[in-house]
**Student:** 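Please find one structure pasted underneath; my questions will follow.
Only this structure's heavy atoms are used, side chains among them; waters, hydrogens and symmetry mates stay out.
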Amino acid sequence: MTTMTEASVREFKMPDVGEGLTEAEILKWYVQPGDTVTDGQVVCEVETAKAAVELPIPYDGVVRDLHFPEGTTVDVGTAIISVDVGGGSAAPAPAAEQPAAEQPAAAAPAEEPKAAGSGRQPVLVGYGVATSSTRRRPRKGPEVPVQQASTAIRTELNGHAPTAPEPAPAAAQAAPAGPGRPLAKPPVRKLAKDLGVDLTTVVPTGPDGIITREDVHAAVAAAVPAAPEPSVASAPAAAPASYDTARETRIPVKGVRKATAAAMVGSAFTAPHVTEFVTVDVTRTMKLVEELKADKEFAGLRVNPLLLIAKALLVAIRRNPDVNASWDEAAQEIVVKHYVNLGIAAATPRGLIVPNIKDAHAKTLPQLAESLGELVSTARDGKTSPAAMQGGTVTITNVGVFGVDTGTPILNPGESAILAVGAIKPQPWVHKGKVKPRQVTTLALSFDHRLVDGELGSKVLADVAAILEQPKRLITWA
């Protein structure tokens with residue numbers, strides 16, 4: 001039997017694409033020691049300073065070790081997973097977990113059937129300076145043991161008590177006393193974990209005894225008991241007591257929220273903000289929205305007021321191009337952009353993010369509607385890529401969705417203007433000499449007064465308001 005050598009072991013390190021990322025937190029592992037991986041297969045999900053990103057492994061082989069459990073923040077360049085790429089059979093895994101640097105050279109898990117790779121190639125970006133080394137985040141509540149990277153815990157869940165840190169005999173691995181580790185691809189394991197299903201209780205129907213997604217769903221429908229999870233049974237009694245007696249809650253500032261806070265503080269204290277407001281009758285715009293919904297050119301697309309507001313801002317920028325600029329402090333220059341990457345602020349469970357539509361200025365109205373729909377859907381699913389949040393030139397924040405009339409938005413770093421859109425609602429309005437109920441909203445434009453003076457900012461805001469009041473200007477001003 002071919003034995004794995006250190007020369008055949010590849011260490012996959014936390015990647016960096018050279019855009020300032022210094023660390024990332026491991027959210028989920030999709031593989032375990034002994035799993036076979038292929039080039040491009042997603043092996044884990046990590047959270048950077050800007051988003052949650054799935055990492056693909058760049059080579060084929062058998063997983064030897066996971067160096068960090070879920071919930072650990074790891075510096076860029078640190079090895080997070082070892083893979084045997086030698087093509088030979090792996091030696092058995094140790095029964096108990098040791099630190100990555102102390103793992104025996106010959107210890108590795110047995111191979112399992114190969115899991116299909118996704119082939120996706122996400123990238124990682126971020127910013128800031130690393131302030132600490134690898135660390136484990138505090139847990140917020142009950143955790144499922146299978147999420148831990150410890151071999152001892154995984155062995156215990158499969159019905160075997162851990163013995164010693166030395167490798168288990170090969171015969172014992174080949175013929176375990178119990179059912180052993182069930183065969184399932186990483187996405188199926190994730191599904192089972194999310195549904196609380198113990199894979200050892202699932203009857204496989206796939207080829208070679210592999211558990212399929214349908215098998216997991218069938219187990220849920222049949223109410224098959226799942227593996228016991230610590231604290232779940234006691235949670236109804238313990239959690240309310242803690243909640244009722246606690247006088248305060250401390251939430252670690254990290255990930256997206258930490259990056260957002262740093263960016264907003266930096267923006268507020270480096271760029272002199274000026275905000276102007278205008279209240280406008282958007283009744284005609286709302287009528288146009290309804291007409292576009294029935295237009296076959298927009299079939300299957302999401303059409304709402306934000307679409308026309310975005311188009312109005314793009315037209316205003318074309319008429320006043322100097323507002324689409326940034327301030328280069330080092331060179332003491334104003335950099336005017338001849339393209340518009342339109343940012344849309346989105347609230348997510350991880351915090352506020354601002355993905356942007358690349359080259360929005362060049363898109364037709366249906367294309368803009370499609371891009372907006374994809375952007376919102378991706379943000380809601382928590383799958384916005386870091387690349388989608390880079391390079392924005394101007395932003396829209398729609399506070400109206402919360403019923404708020406207006407606000408004073410803070411500039412995104414590197415941008416010179418941000419438009420806030422308030423709630424659209426019926427209000428008494430003088431229309432053709434009479435007071436009538438009209439659909440009205442308030443717009444607020446914040447801009448960097450170093451490069452956008454009052455005249456330029458006022459022209460941009462006035463143009464947006466004029467278009468929303470008379471949307472036919474989208475054609476006459478085009």
**Student:** Hey, are the side chains of Glu415 and Thr395 touching, using non-hydrogen atoms and a 4.5 Å cut-off?
**Tutor:**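 The answer is yes; the side chains approach within 4.5 Å.
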
**Student:** Within a strict 4.5 Å, meaning less than it, do heavy atoms of the Leu372 and Ile344 side chains meet?
**Tutor:**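 Yes. Closest side-chain heavy atoms under 4.5 Å.
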
**Student:** State, without any angle test, whether Glu11 and Ser82 hold a side-chain donor-acceptor pair at a distance under 3.5 Å.
**Tutor:**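 Distance-only check passes for Glu11 and Ser82.
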
**Student:** Will you find, in the side chains of Asn324 and Thr393, an N or O donor that is under 3.5 Å from an N or O acceptor?
**Tutor:**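 Side-chain D/A pair, Asn324 to Thr393: present.
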
**Student:** Looking at every non-hydrogen atom in both residues, tell me the closest pair between Phe447 and Leu445 and how far apart they are.
**Tutor:**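 Shortest heavy-atom separation between Phe447 and Leu445 comes out as CD2-O, 3.8 Å.
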
**Student:** Would you say that more than 12 heavy atoms from the other residues, nucleotides or ligands in this model lie under 6.0 Å from the NZ of Lys337, or not?
**Tutor:**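 Result for NZ/Lys337: enclosed.
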
**Student:** Exactly one of Leu313, Leu456, Leu443 should register a side-chain contact (heavy atoms from CB on, under 4.5 Å) with Leu461. Which one does?
**Tutor:**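 Running side-chain contact (heavy atoms from CB on, under 4.5 Å) over Leu313, Leu456, Leu443 with Leu461 returns exactly one hit, Leu443.
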
**Student:** So, are Lys459 and Glu455 salt-bridged, with charged N and O less than 4.0 Å apart?
**Tutor:**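 Here Lys459 pairs with Glu455 in a salt bridge, since their nearest N and O are under 4.0 Å apart.
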
**Student:** When you compare the side chains of Thr212 and Asp215, does any donor N or O come within less than 3.5 Å of an acceptor on the partner?
**Tutor:**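 Side chains of Thr212 and Asp215: pair found under 3.5 Å.
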
**Student:** Please table the atom pairs, donor to acceptor, closer than 3.5 Å between any side-chain atom in residues 299-307 and protein atoms at least two apart or in another chain.
**Tutor:**
from   : atom 1 : to     : atom 2 : distance (Å)
Asn304 : OD1    : Leu306 : N      : 3.2
Asn304 : OD1    : Leu307 : N      : 3.2

**Student:** How about Met14 and Asp75: do any of their side-chain heavy atoms sit closer than 4.5 Å?
**Tutor:**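 With C-beta onward as the side chain, the pair stays apart.
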
**Student:** Do you see a donor-acceptor pair shorter than 3.5 Å between the side chains of Thr406 and Thr442?
**Tutor:**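 Side chains of Thr406 and Thr442: no pair found under 3.5 Å.
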
**Student:** Taking the basic N atoms (NZ, or NE/NH1/NH2) and the acidic carboxylate oxygens, is any pair closer than 4.0 Å for Lys287 and Glu290?
**Tutor:**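 Judged by the 4.0 Å cut-off on N to carboxylate O distance, Lys287 and Glu290 do not form a salt bridge.
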
**Student:** Would you say that Thr279 contacts Val440 through its side chain, given a criterion of any heavy-atom pair below 4.5 Å between the two side chains?
**Tutor:**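 Side-chain contact under 4.5 Å: yes.
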
**Student:** Between Lys383 and Glu54 (salt bridge meaning N to carboxylate O under 4.0 Å), is one present in this structure?
**Tutor:**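 Yes.
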
**Student:** Hey, could you give me the CD/OG1 distance between Glu374 and Thr384, rounded to the nearest 0.5 Å?
**Tutor:**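 Between Glu374 CD and Thr384 OG1, I get 11.5 Å after rounding to 0.5 Å.
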
**Student:** Could you tell me the separation between the CD1 atom of Ile334 and the CH2 atom of Trp327, rounded to the nearest 0.5 Å?
**Tutor:**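 Answer for the CD1-CH2 pair, Ile334 versus Trp327, is 5.5 Å.
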
**Student:** When rounded to the nearest 0.5 angstrom, what is the spacing between CD1 in Ile81 and SG in Cys44?
**Tutor:**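 That separation rounds to 7.5 Å.
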
**Student:** Would one find more than 12 heavy atoms of other residues, nucleotides or ligands at under 6.0 Å from atom NZ of Lys358?
**Tutor:**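 Counting other residues, nucleotides and ligands, NZ of Lys358 exceeds 12 neighbours.
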
**Student:** Under a 4.5 Å cut-off applied to non-hydrogen side-chain atoms, are Ile357 and Leu375 in contact?
**Tutor:**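 They are in side-chain contact.
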
**Student:** Please tabulate, one pair per line, all N/O donor-acceptor pairs under 3.5 Å involving side-chain atoms of residues 463-478, not counting sequence neighbours.
**Tutor:**
from   : atom 1 : to     : atom 2 : distance (Å)
Asp463 : OD2    : Arg319 : NE     : 2.9
Asp463 : OD2    : Asn320 : ND2    : 3.0
Arg473 : NH1    : Ala466 : O      : 2.8

**Student:** To check you understand the geometry: which heavy-atom pair defines the closest contact between Ser326 and Gly414, and what is its length?
**Tutor:**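 Minimum heavy-atom separation between Ser326 and Gly414: CB-O, 3.1 Å.
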
**Student:** Looking at Asp448 and Arg450, does any basic side-chain N land under 4.0 Å from a carboxylate oxygen?
**Tutor:**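 Here Asp448 pairs with Arg450 in a salt bridge, since their nearest N and O are under 4.0 Å apart.
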
